[in-house]
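First comes the structure, then the notes that go with it.
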Amino acid sequence: MRILLMGNPNVGKSVIFSKLTGREVLAANYAGTTVTYTQGKVNFKGQEAVLIDVPGTYSLEATSCAEEVAVDFLQQGAHVVMCVLDATNLERNLNLALQLQEFGLPVVFALNLVDVAERKGITIEVAALEKELGAPVIPTVAIRNVGLRELLEQAYGLAEACCAGEKKVAMTQGERWQEVGRIAENVQRVEHRHPTFWEKLGDQMIMPFPGLPIAVLVMAAALGVVVGGGKALRSLLLLPLINDLYMPFIYRVISGFVPEGMLRNVLVGEYGVLIKGIEWPFALILPYVFLFYIVLSFLEDSGYLPRLAVLVDGVLARIGIQGGNIIPIFMGYGCAVPAILGTRAATTFKERLIVTSLVSLAIPCVSQTAAFIALLGAQSALVLVLVYLISMGSIIFGGMILNRMIPGKTDPILLEVPNLLKPDRKALINKITIRTRHFLMEAEIPMLLGIGVAALVAETGFLAYVSVYAEPLVAGWLGLPGEITLSLILGIVRRELAVLPMLEMDLTTLQLLVGSVVALFYLPCISVLGVLVKEFGLKLAASISIATIVAALFFGGVINQVVSLFI
């Protein structure tokens, strides 16, 4: 049995999906696109069904990639469609509901967030809405499991009956909105209520005061969780396991079977695949990645990120983008790939190109952030702070320059601000699990390949050979040891691999700063290059890549030359 779960963004669809499927879920890209959907299995009364969480969409008129994917799923057919309606924004949701019925598939509607609607003084007559839509409507409070059993019963009942939905005649957009207004007027009653504490807080968060102080506190708390929690996980749990248990064990095993020489060094030497291939991704990178995904998922599900977008709109307008772009920028601190894909929501090509360029140039992904913390956290916290100040300054000044260089306009912000809600624990855990698993699958293999390259380059003498030719640039201009050439080679594979080899080098404070700045601006990794080519074409991707390399070497060298004059 195939069930499609559909609805507008921010209606509680992911919570319903999480509640019905549990943790056994699969996230994948839709064939031929980079749009992600999730599917899982539902067992109800001994019958199993596949539930597909279709990307959230406001319309089926296919004006975006996500809408095209939603239409494709519908055209492929399903036994039943679960359409989630937001009881606090019924009119907006009814537009999609009417479009769904034009496909003629059986539909059951989940009227979600009815508790929030009641607090706002919104009452919806469910029986009247069922009559208007000609389909079952189940009131739900997904976060508390209210109505979900009835929702499944209706869905399975429709599927078993093999009954087609009421296929309505296609309407024009104007006709459809007139019908939406008529239905809402007949089924919805709104009375004035005093706003609750959460509603007041949500409204205050988009005001300069106290919105800005709240934003500073939220970002500081997020930074504390990621940095402080990551260091605690590393020092108290992961590094002792790696250093005291795993490394001695694997070294004894390999030494017992592999004689001294190049092969043993490649496996367990300075850049040994079996040593660094475990230590770097799992003990140095994963703690920060995992905690960042916790913070990101919490901010997403609570409804805070759209409020932050409204708050910073005035600032971002100065660099040619509107406040809604803070979401892909924030995602860039997790990974540049979804951040670049997230720019599809930008209203103009100019904004999309500016955000993509800034993410590629000056925003370190969470893996690179973890590498910076591992490198600089204990040796020089001041350099760590300085690197991120340089990053922020580059975003501002780079954006201002790009705003003048790139033709086009910036549209005013038009963004839906959802209700401020307490995230559902189960849905939050599922989202974090899927993202962490996805990171491990994407990052571990390229990182192992990069470490293997590092071991071969070091053991074959190729590094020393290349370092001779790179000496005028690396040693003369950047003031770094020849071994840093390894970072420049590996940084092409993964951004954090431009930083991690420096852990094995005895660098001065100035060299740490220069090396970190070079790594910050350096060439985006292979996966980012692939997305840049797919989204913008080879010419623009090459231009962005060349610009990052030039910026990395130029600013790194300037810092070295200027500081060297005073020491």
Side-chain angles (χ1 to χ4, degrees), residues 219-243 271 275-297 330-339 359 362-381 383-392 432 435-451 454 487 490-491 493-505 507 512-513 515-522 524-525 527-528:
M219 293 300 106
L223 186 64
V225 169
V226 175
V227 177
K231 291 185 72 173
L233 280 175
R234 280 184 55 218
S235 58
L236 298 178
L237 178 63
L238 297 174
L239 284 179
L241 285 174
I242 297 292
N243 295 332
Y271 295 105
I275 300 296
K276 300 304 179 187
I278 299 297
E279 178 187 359
W280 283 359
F282 290 104
L284 298 183
I285 304 300
L286 185 59
Y288 301 101
V289 172
F290 176 68
L291 291 169
F292 176 82
Y293 284 149
I294 290 177
V295 169
L296 176 61
S297 300
F330 195 85
M331 290 173 65
Y333 285 98
C335 177
V337 172
V359 168
I363 296 180
C365 67
V366 66
S367 301
Q368 195 175 33
T369 295
F372 280 138
I373 295 171
L375 175 68
L376 305 172
Q379 298 187 55
S380 179
V383 172
L384 179 62
V385 172
L386 189 55
V387 167
Y388 277 84
L389 288 176
I390 292 171
S391 170
M392 292 177 63
I432 294 164
R435 281 176 164 166
T436 304
R437 184 189 303 158
H438 190 64
F439 166 79
L440 289 174
M441 293 173 62
E442 279 202 343
E444 178 62 11
I445 293 177
M447 197 175 294
L448 281 173
L449 291 174
I451 293 168
S487 292
L490 297 183
V493 181
R494 292 278 304 177
R495 297 186 77 172
E496 64 271 21
L497 290 179
V499 182
L500 290 172
M502 289 187 273
L503 287 165
E504 314 300 324
M505 305 174 193
L507 301 178
L512 285 172
L513 175 60
S516 297
V517 169
V518 172
L520 171 68
F521 292 126
Y522 194 54
C525 60
S527 57
V528 177

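Hydrogens, waters and symmetry mates are skipped; everything else that's a heavy atom, side chains included, is used. Bear in mind that the values here come from a model prediction, so they are computed numbers and not experimental data.
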How about OH on Tyr293, more than 12 heavy atoms from neighbouring residues, nucleotides or ligands closer than 6.0 Å, or not? yes
More than 12 foreign heavy atoms under 6.0 Å from CE of Met219: is that the case here? yes
Spacing of [atom1] belonging to [X] relative to [atom2] belonging to [Y], to within rounding of 0.5 Å:
| X | Y | atom1 | atom2 | result |
| --- | --- | --- | --- | --- |
| Trp280 | Ile242 | CH2 | CD1 | 13.5 Å |
| Leu286 | Thr436 | CG | OG1 | 7.0 Å |
| Ile285 | Leu500 | CD1 | CG | 5.0 Å |
| Leu238 | Asn243 | CG | CG | 10.5 Å |
| Arg495 | Leu490 | CZ | CG | 15.0 Å |

Given Leu233 and Tyr288, is the side-chain contact (heavy atoms from CB on, under 4.5 Å) satisfied, shown in steps? CA-CA 9 Å; Leu233 280 175; Tyr288 301 101; over 6 Å; no
Kindly indicate, with the supporting measurements, whether the criterion side-chain contact (heavy atoms from CB on, under 4.5 Å) is fulfilled by Leu284 and Glu496. CA-CA 10 Å; Leu284 298 183; Glu496 64 271 21; over 6 Å; no
Which heavy atom in [X] sits nearest to a heavy atom in [Y], and how many Å separate them?
| X | Y | result |
| --- | --- | --- |
| Val289 | Ser367 | CG2-OG, 4.0 Å |
| Val499 | Ala519 | CG2-CB, 3.6 Å |
| Cys365 | Gly334 | CB-O, 3.6 Å |
| Gly277 | Leu448 | CA-CD2, 3.5 Å |
| Val359 | Gly332 | CG1-CA, 4.3 Å |

I'd like to check Ile432 versus Phe290 (side-chain heavy atoms, cut-off strictly below 4.5 Å). Are they in contact? yes
Tell me, do Val383 and Leu375 make a side-chain contact under 4.5 Å, heavy atoms counted? no
[X]: which residues meet the side chain to side chain contact (heavy atoms under 4.5 Å, CB included) condition with it, sequence neighbours left out?
| X | answer |
| --- | --- |
| Val225 | Leu291, Val295 |
| Pro364 | Tyr333, Gln368, Thr369, Phe372, Tyr388, Ser391, Leu520 |
| Leu449 | Ile445 |
| Val517 | Ile390, Leu513, Phe521, Phe555, Ile559 |

Would you mind listing every salt bridge (charged side-chain N to carboxylate O under 4.0 Å, His left out) that reaches into residues 278-289, with sequence neighbours excluded? Lys276-Glu279
Check against side-chain contact (heavy atoms from CB on, under 4.5 Å), Arg437 and Leu440: CA-CA 5 Å; Arg437 184 189 303 158; Leu440 289 174; 5.8 Å; no
Any donor and acceptor pair, going by atom type alone, linking the side chain of Ser380 with main-chain N or O of Leu376 inside 3.5 Å? no
Got a sec, which residues hit salt bridge (charged side-chain N to carboxylate O under 4.0 Å, His left out) with Arg234, two or more places apart in sequence or on another chain? none
